Amino acid sequence: MDLHTITAYDLAHERGDLAIGPGEAFVAGGTWMFSEPQLHLHRLVDLTGLDWPAVTLTADHLEIAATCTVERLSVLSTTERWRAAPLFRQCAQALLASWKIWKRATVGGNICLSFPAGAMISLAAALDATAVVWTSDGRENFYPITEFVTGSATNVLAPGDVLRSIRVPLSALEAPTAFRKIALSPLGRSGAIVIGRRDTNGGVALSVTASTVRPYVLKFHELPSEPDMSEALARFVPADAYHSDSHGTADWRQAVTAVLAEEVRIELSNREYPA
């Protein structure tokens, strides 16, 4: 879609180029930005000129740049280095987007939109990722993804702030995972995504996204029983966190989340502990 109100489009090359004011916004892939009118904007600042490496491996974490495309991210599933590697493609496919969108859509864009069905939010929540934020006053802040996304289409970013990357601890990548997703129609937006992870210490993490307005992660010291899992969902995921829209009602989302959580629990119980 042509954005007729845009009168300036600038490519950022360094952090100093990221200063914006009213009526100005950042853009990376732009697959959502150019999907509907943006009548409140007159200038866009393109982050891709910063040339951030798509992925960077350090001694203790994997850093995924906000400008990393969904296509590039999905390639990480081909590695045999991490037991959680299948999640990259599983979450990418949860977008149900064409290959053309995969080539342009970015990890950061999906997270910053903060829609409940944001598949990159599902990935980040399942892997205990931390969001790295460049603030407008030159600082660098860190937020667990469960704190970064605060509600449906809301997050902690203040005007002028930029999501720089997400950092995934290698300990999470080394753990086996189980992925479940449901939608009202085969090509519909995700109604619920539940992902489980069984860590090397025997602990289990269960993430709930898409069915709720923000991500929730439940932690257990050991593989929970079905009653314990059910009790934890009821206790730590408020009933009013489940939302209703054209892709599913709140009561349906709550019910299917419980079903998927039990399927994940059973799958994890049949998985071996990480070596």
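In this text the structure is predicted, and so the values were computed from the model without any measurement. Throughout, residue positions are numbered sequentially from 1 according to the sequence presented. Heavy atoms only: backbone and side chains are in, while hydrogens, waters and symmetry mates are out.
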Discussion item. For Asp161 and Thr135, which I'm curious about, is there any donor-acceptor pair between the side chains at under 3.5 Å?
Written reply: no
Item to complete: Before accepting this row, confirm whether a basic side-chain N of the pair Asp60/Arg167 lies closer than 4.0 Å to the acidic partner's carboxylate O.
Response: no
Worksheet entry | Pair Arg15 + Asp17, salt bridge at N-O below 4.0 Å | no
Discussion item. Donor-acceptor check, side chain of Asn110 to backbone of Ala119, threshold 3.5 angstrom: yes or no?
Written reply: yes
Discussion item. I'd like to know if the side chain of Asp10 and the backbone of Val45 have a donor-acceptor N/O pair within less than 3.5 Å.
Written reply: no
Worksheet entry | Any donor-acceptor N or O pair under 3.5 Å, side chains Trp82, Glu174 | no
Discussion item. Students often mix this up, so state it plainly: with edges at 30° and 60°, are the rings of Tyr9 and Phe34 parallel, tilted or perpendicular?
Written reply: tilted
Worksheet item: More than 12 foreign heavy atoms under 6.0 Å from CZ of Arg43: is that the case here?
Response: yes
Item to complete: Is it possible for you to check whether Arg164 lies under 6.0 Å from the centre of the six-membered ring of Trp52, through NZ or CZ, and within 45° of that ring's axis?
Response: yes
Discussion item. If we count only N and O atoms by modelled type, under 3.5 Å, do the side chains of Thr106 and Thr69 hold a donor and an acceptor together?
Written reply: no
Fill in: Asp228 and Arg235 ion-paired at < 4.0 Å
no
Fill in: Exam field: side chain Asp2 to backbone His4, donor-acceptor pair closer than 3.5 Å
no
